Amino acid sequence: MENLISLVNKLQRACTALGDHGEESALPTLWDSLPAIAVVGGQSSGKSSVLESVVGKDFLPRGSGIVTRRPLVLQLHRIDGDREYAEFMHQPRKRYTDFAAVRKEIADETDRETGRSKQISPVPIHLSIYSPNVVNLTLVDLPGLTKVAVEGQPDSIVQDIENMVRSYIEKPNCIILAVSPANQDLATSDAIKISREVDPKGERTFGVLTKIDLMDKGTDAVDILEGRSYRLQHPWVGVVNRSQQDINKNVDMIAARRREREYFSSTPEYKHLAPRMGSEYLAKMLSKHLEQVIKSRIPGIQSLITKTIAELETELNRLGKPIANDAGGKLYTIMEICRMFDSIYKEHLDGVRPGGEKVYHVFDNQFPVAIKRLQFDKQLSMENVRKLITEADGYQPHLIAPEQGYRRLIESCLVSIRGPAEAAVDTVHSILKDLVRKAMSETHELKQFPTLRVEVGNAAFESLDRMRDESKKNTLKLVDMECSYLTVDFFRKLPQDVEKGGNPSHSIFDRYNDTYLRRIGQTVLSYVNMVCATLRNSIPKSIVYCQVREAKRSLLDHFFTELGAREMKQLSKLLDEDPAVMGRRTNLAKRLELYRSAQSEIDAVAWSK
């Protein structure tokens with residue numbers, strides 16, 4: 001069982017090193033789940049003397065007013081031999097064999113945290129004492145409860161101390177050691193009052209009665225010690241501390257313990273209670289109880305640790321990996337993040353993620369509808385057909401067919417297709433840019449570095465702009481090609497006038513009548529419709545080739561080329577992570593290491609039992 005207390009001691013020290021003192025924190029806390037014994041009492045209740053009696057050493061600061069201004073986590077370790085020494089967690093390589101120096105270091109370390117302003121602090125001091133004269137036990141000495149602020153302290157100090165004490169003892173894993181003086185009315189005891197508020201049934205509270213030897217003659221504390229005055233689930237323990245005169249004379253603790261045993265065994269009122277009175281019995285009882293509580297809490301602690309490890313790993317994954325210090329590492333980090341972004345972008349286009357289907361919607365719906373909406377009435381009106389045909393003939397009318405007139409009519413119609421073609425290019429461009437924004441928001445690593453996010457976005461948009469310009473040029477070329485060279489076979493297959501029953505002997509000028517011109521308009525419209533059908537298929541191919549395919553293939557190529565020429569300082573600027581995020585990642589990583597270590601150690605102890 002001693003392994004259990006040693007394990008909790010080790011975890012408490014690790015928690016403190018990480019800044020986990022059980023106060024409210026955005027980080028998961030292990031401290032609150034660890035069983036501990038908190039020593040609570042008012043000023044002058046004899047609290048410090050009880051602790052020194054348990055340890056068997058003079059080591060606590062003394063004085064008037066509030067002496068204990070920071071929690072003191074006192075970890076006692078029983079060792080073999082006759083050596084006795086103390087170690088502070090904040091001085092891991094230093095051993096104290098002079099306990100007067102321990103007292104001074106407690107006072108000095110308190111001042112380092114709080115200054116000499118007599119303020120209090122929730123950051124604990126960890127003190128480990130190794131001795132053959134102690135039992136394995138951990139106690140947390142809290143500042144003494146007070147009713148008035150002394151000179152140099154704010155008026156809020158009374159409530160501040162109460163809040164700190166309450167923050168420890170209200171936790172269900174805390175065992176309360178309530179120290180009350182016997183020479184005062186128990187109803188006015190600060191320790192009993194606050195203990196009753198957080199533990200009304202007395203299930204976690206051990207009552208300690210001090211100064212029994214200083215009670216008025218004719219009075220005794222038997223009713224309290226036997227639980228009749230105030231009942232707790234655990235028996236009361238009476239102790240007799242050294243008097244101020246004994247302290248001034250440096251009376252040995254071992255001698256003081258012997259006198260305490262003699263007092264209870266020789267005083268008629270307490271003789272029957274002597275076996276369970278005194279600081280030695282108190283220490284053994286608390287050690288045994290702490291072991292039992294720790295053993296009962298192990299399954300819950302294991303469950304908490306497992307759950308918290310998963311939460312910490314998830315949070316660390318969300319925050320991303322830490323930044324490398326060298327230029328090569330920084331460049332690799334940037335490239336990896338860009339590849340992640342590029343991969344997500346391709347997934348949108350390929351249908352793994354939503355968004356790419358909008359491009360198809362342009363080709364299957366918007367572009368064909370835009371072509372259908374083109375109005376050729378103006379170009380093919382009777383008046384315009386007659387005008388272009390006659391103008392194309394010049395001073396000499398056409399002999400067989402008005403070829404130049406056909407070409408001008410067809411060209412005037414096909415030019416209007418440029419509008420829908422350009423609109424299709426621009427719409428796809430807009431969709432590709434939206435997918436860039438979406439892919440950036442889904443690349444969690446980019447959120448880590450705002451400057452890199454902006455540069456990657458700008459580089460992607462610039463590439464898309466270049467692709468749009470190239471696509472627009474090639475797409476319009478397709479339209480221009482149709483204008484520059486007509487499909488001859490279409491006209492060869494047209495029925496001739498003779499086949500239609502026409503009379504070729506008619507004057508050439510008779511062919512400028514409305515019927516003839518109407519036929520020309522219909523022929524041109526048929527040809528334009530054929531070209532529209534062709535462009536409806538070829539323009540999407542051109543757009544996909546010049547924009548979508550290129551976006552998948554080389555979206556960040558220009559950025560990568562430029563990136564390779566950057567110096568260390570410029571790369572560092574791209575990885576300008578928020579210092580708060582960096583600090584949080586470091587804290588989470590340390591805490592994760594603590595929890596993993598705790599998991600393996602608790603599992604080892606649990607299996608051994």
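Quantities reported herein were computed from a predicted structural model and do not represent experimental measurements.
Shortest non-hydrogen contact noted between P132 and E84 is CD-CG, 3.8 Å. Scanning both residues, V134 and V54, for their nearest heavy atoms gives CG1-O, 4.3 Å. The two residues R297 and P35 have their closest heavy-atom pair at CG-CG, 3.8 Å. Counting all heavy atoms, side chain and backbone alike, S121 lies closest to T114 at CB-CG2, 3.6 Å. Considering all non-hydrogen atoms of both residues, R453 and K447 come closest at NH1-CG, 4.2 Å. Taking every heavy atom of both residues into account, K271 and S265 meet most closely at CG-O, 3.4 Å.
Of the listed residues (D58, D98, L60), just one forms a side chain to side chain contact (heavy atoms under 4.5 Å, CB included) with R103, and that residue is D58.
Of the N and O atoms on the side chains of D160 and S156, at least one donor lies less than 3.5 Å from an acceptor on the other residue. Donor-acceptor pairing under 3.5 Å is lacking for the side chains of E313 and N317. Side chains of S279 and E260: a donor-acceptor N/O pair is present below 3.5 angstrom, by distance only.
Here the side chains of V237 and R276 are not in contact, with every heavy-atom distance at 4.5 Å or above. When side chains are defined from C-beta on, I161 counts as touching L145, because their heavy atoms get closer than 4.5 Å. Residues R70 and R112 are not in side-chain contact: their nearest non-hydrogen atoms beyond the backbone lie 4.5 Å or more apart. Residues E105 and Y96 form a side-chain contact, since some pair of their non-hydrogen atoms from C-beta on lies under 4.5 Å apart. For the pair R259 and V240, the minimum side-chain heavy-atom distance is 4.5 Å or more. Taking 4.5 Å as the limit, every side-chain heavy atom of I344 sits out of range of all side-chain heavy atoms of K438. The shortest distance between side-chain heavy atoms of I212 and T267 does not fall below 4.5 Å. Looking at R261 and E280, their side chains come closer than 4.5 Å, going by heavy atoms from C-beta outward.
Taking a cutoff of 4.0 Å between a charged side-chain nitrogen and a carboxylate oxygen, E315 and R584 qualify as a salt bridge.
Classification of the H234-F206 ring pair by plane angle, with boundaries at 30° and 60°, yields parallel. Note on ring orientation: taking the six-membered ring where Trp is involved, the planes of Y230 and W236 are perpendicular (angle over 60°, cut-offs 30° and 60°).
Residue-environment remark: NE2 (H444) stays at or below the threshold of 12 foreign heavy atoms within 6.0 Å. Taking a 6.0 Å sphere around CG of D185, one finds it holds more than 12 heavy atoms contributed by other residues, nucleotides or ligands. No more than 12 heavy atoms of other residues, nucleotides or ligands shown are found within 6.0 angstrom of CD on E593.
Remark: E170 pairs with no residue by the salt bridge (charged side-chain N to carboxylate O under 4.0 Å, His left out) rule, at least two apart or across chains. Residues passing the ring pair (Phe, Tyr, Trp, His ring centres under 6.0 Å) test with Y332, sequence neighbours excluded: none.
Rounding to the nearest 0.5 angstrom, the gap separating the OH atom in Y168 from the CG atom in N173 is 14.0 Å. If you take OG1 on T110 and CD1 on I125, they are separated by 3.5 Å, rounding to the nearest 0.5 Å. Distance check: D199 CG to I169 CD1 gives 8.5 Å after rounding to the nearest 0.5 Å.
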